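Since the structure is predicted, the reported quantities are computational estimates derived from the model, not experimental observations.
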There are 2 protein chains.
Amino acid sequence: MAEQAQFEELARQLSAVGAVKRDIGRILPPDCPAGSAAVLTLLGRHEEMRMSKLAELLAVDLSVTSRHVAHVAARGWIERSPDPADKRSRILRLTPAGNDQLVELSLRTSRLLEERLSDWTDDEVAQLIQLMTRLRASFGDCRSSVPRPAAPVSAETRTPAIT
Amino acid sequence: MAEQAQFEELARQLSAVGAVKRDIGRILPPDCPAGSAAVLTLLGRHEEMRMSKLAELLAVDLSVTSRHVAHVAARGWIERSPDPADKRSRILRLTPAGNDQLVELSLRTSRLLEERLSDWTDDEVAQLIQLMTRLRASFGDCRSSVPRPAAPVSAETRTPAIT
DNA sequence: TATTGTTATACTCTATAACTATA
DNA sequence: TATAGTTATAGAGTATAACAATA
C-alpha cells in the first residue's frame with residue numbers, strides 16, 4: 001500500500017498526461033478528432049459491436065458515444081445495421097473507407113510516438129502500457145454517477161448494486 | 001525501440017486514462033474543477049511562480065492558465081502581486097485559504113486513489129509515476145503549435161534550442 | 001520590436017435529462 | 001417497467017487571435 005504523497009503525485013501525473021494526449025490530437029486529420037479516432041480504433045479491433053459495448057470500452061456515457069458514432073457514420077467510416085436479435089440495438093462495423101482512415105490514423109500516431117519515444121526500450125513501453133491498463137481496470141467502469149454517499153443515506157438505502 | 005502495434009496500444013491507453021481523470025474530477029468540490037485544482041497543486045509545491053512558469057508546468061497555453069488563475073484568485077485562494085523586476089509579470093502565491101483548499105483536495109484524491117488502488121504495491125505505484133513522468137518529459141514542452149515540418153526544413157534549420 | 005499577460009471567440013469532449021422505440 | 005439509443009442543453013478545458021502594457 002502506497003502513501004498519500006505518492007497518490008498526490010500520481011494524481012498530478014494523471015492530470016499532466018493530458019498534454020501528451022493533446023499533442024497526439026494535433027496530428028489527427030481535421031475531420032477526425034480524438035473521439036472519432038477512438039471509435040475507429042476500437043471497431044478496428046472488435047470487428048463488430050453494439051453501441052452500449054462501445055460506450056463501455058470508451059468509458060464514456062452512451063450519449064457521448066452516440067455523438068461520436070454519428071460523426072464517423074456521417075463520413076461513411078462505419079455502418080450501423082439493425083440488430084436482428086434486438087430491434088432497439090444497432091450493430092456497428094467498420095467500412096472499407098473506415099479501415100483506410102484507421103490505417104492513416106495508426107500511421108500518424110505511431111510515427112509521432114516513435115519519434116518522441118525514440119530512446120525508450122521495447123520493455124519500457126510495454127511496462128507503461130501494462131501499468132496504465134491495470135490502472136484503468138482498478139477504476140472499473142467509472143462512467144458518470146459517483147455513488148459516494150458521504151452524507152448518511154437515509155433509511156431506505158438507494159437500490160444497492162444493480163451492477 | 002518498440003514496434004508500431006505497441007505504439008498504437010499506447011495511444012489507446014492514453015486515450016483511455018481520460019476515464020480515470022474524469023473519475024477523480026467528480027469528487028472535487030463544485031467550485032474547484034480540475035483546472036483550478038492543478039493550479040493550486042503546483043503552487044503548493046513551488047511556493048511562488050510567474051504565470052508563464054505555471055503555464056509551462058501545466059503544459060497548457062498561457063491564455064488557459066490565465067483563465068484558471070483568474071478563477072482561483074476570484075475565490076481568494078491565491079494572490080497575484082506585481083513583479084518588481086518586471087512590471088508585466090505577476091507573482092502567484094497560495095493564500096492561507098488556498099492552502100486549506102489544497103489540503104482538502106489532496107485528501108479527497110488520495111482517499112479515492114487509496115481505495116481504487118488498494119491492491120497495488122508501493123513499488124507499482126512508484127513505477128507508474130516514474131514512467132508517466134518520463135513520458136511527459138519525452139514529449140517536451142508540447143503546447144500548441146506543432147512544429148512537425150514533415151516537409152524538408154529548408155536550408156537554415158529553425159533556430160535550434162532557444163529552450 | 002519582442003514579451004507578459006488578458007480577453008473574446010470557437011471547438012471538442014463530456015454528462016444530465018427528456019424522449020422514442022423496443023423488450 | 002426497464003433497457004437501447006438519440007438529441008438538446010449546459011459546463012469544463014483548450015487553442016487562436018487580437019489587444020494592452022512593459023521591456
query = Is the shortest side-chain N to carboxylate O distance from B:Glu8 to B:Arg12 below 4.0 Å?
reply = no
What's the [atom1]-[atom2] distance between [X] and [N], to the nearest Å?
X       : N      : atom1 : atom2 : result
B:Leu28 : D:dA12 : CG    : C1'   : 12 Å
B:His71 : D:dT14 : NE2   : P     : 13 Å
A:Arg90 : C:dT22 : CZ    : P     : 12 Å
A:Met49 : D:dG5  : CE    : P     : 12 Å
A:Ile91 : C:dT22 : CD1   : C1'   : 15 Å
A:Asp23 : D:dA15 : CG    : C1'   : 13 Å
B:Glu56 : C:dG5  : CD    : P     : 12 Å
A:Leu62 : C:dA18 : CG    : C1'   : 14 Å

Identify each donor-acceptor pair in which a side-chain atom of residues 29-43 of chain A lies under 3.5 Å from a protein atom, sequence neighbours left out, and give them as a table.
| unit_1 | atom_1 | unit_2 | atom_2 | d |
| --- | --- | --- | --- | --- |
| A:Thr41 | OG1 | A:Ala37 | O | 2.8 |

Side-chain N or O of [X] less than 4.0 angstrom from OP1 or OP2 on [N]?
X       : N     : value
A:Arg50 : D:dT3 : no
A:Ser89 : D:dG5 : yes
B:Ser66 : C:dT7 : no

message = Working to the nearest 0.5 angstrom, can you tell me the gap between B:Leu131 CG and A:Trp120 CH2?
response = 5.0 Å
inquiry  = What verdict does the side-chain contact (heavy atoms from CB on, under 4.5 Å) test give for B:Arg111 and B:Glu115, after you've listed the backbone C-alpha separation in whole Å, the side-chain angles of each residue and the deciding distance to 0.1 Å?
reply    = CA-CA 6 Å; B:Arg111 216 149 40 192; B:Glu115 178 199 324; over 6 Å; no
ask   = Do you see a donor-acceptor pair shorter than 3.5 Å between the side chains of B:Thr121 and B:Asp123?
value =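 Short answer, no.
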ask   = Would you call A:Leu102 and A:Ser106 a side-chain contact if the rule is heavy atoms closer than 4.5 Å?
value = yes
Output one line per pair: protein atom, nucleotide atom from nucleotides 8-14 of chain C, and distance, for all N/O pairs under 3.5 Å.
| unit_1 | atom_1 | unit_2 | atom_2 | d |
| --- | --- | --- | --- | --- |
| C:dC13 | OP1 | A:Ala34 | N | 3.0 |
| C:dC13 | OP1 | A:Gly35 | N | 2.7 |
| C:dT14 | OP1 | B:Arg22 | NH1 | 3.3 |
| C:dT14 | O3' | B:Arg22 | NE | 3.3 |

Under 3.5 Å, which N/O atoms of the protein pair with N/O atoms of nucleotides 21-23 of chain D?
| unit_1 | atom_1 | unit_2 | atom_2 | d |
| --- | --- | --- | --- | --- |
| D:dA23 | OP1 | B:Lys87 | N | 2.9 |

inquiry  = For A:Lys21, is the NZ atom crowded, meaning more than 12 foreign heavy atoms sit under 6.0 Å from it?
reply    = yes
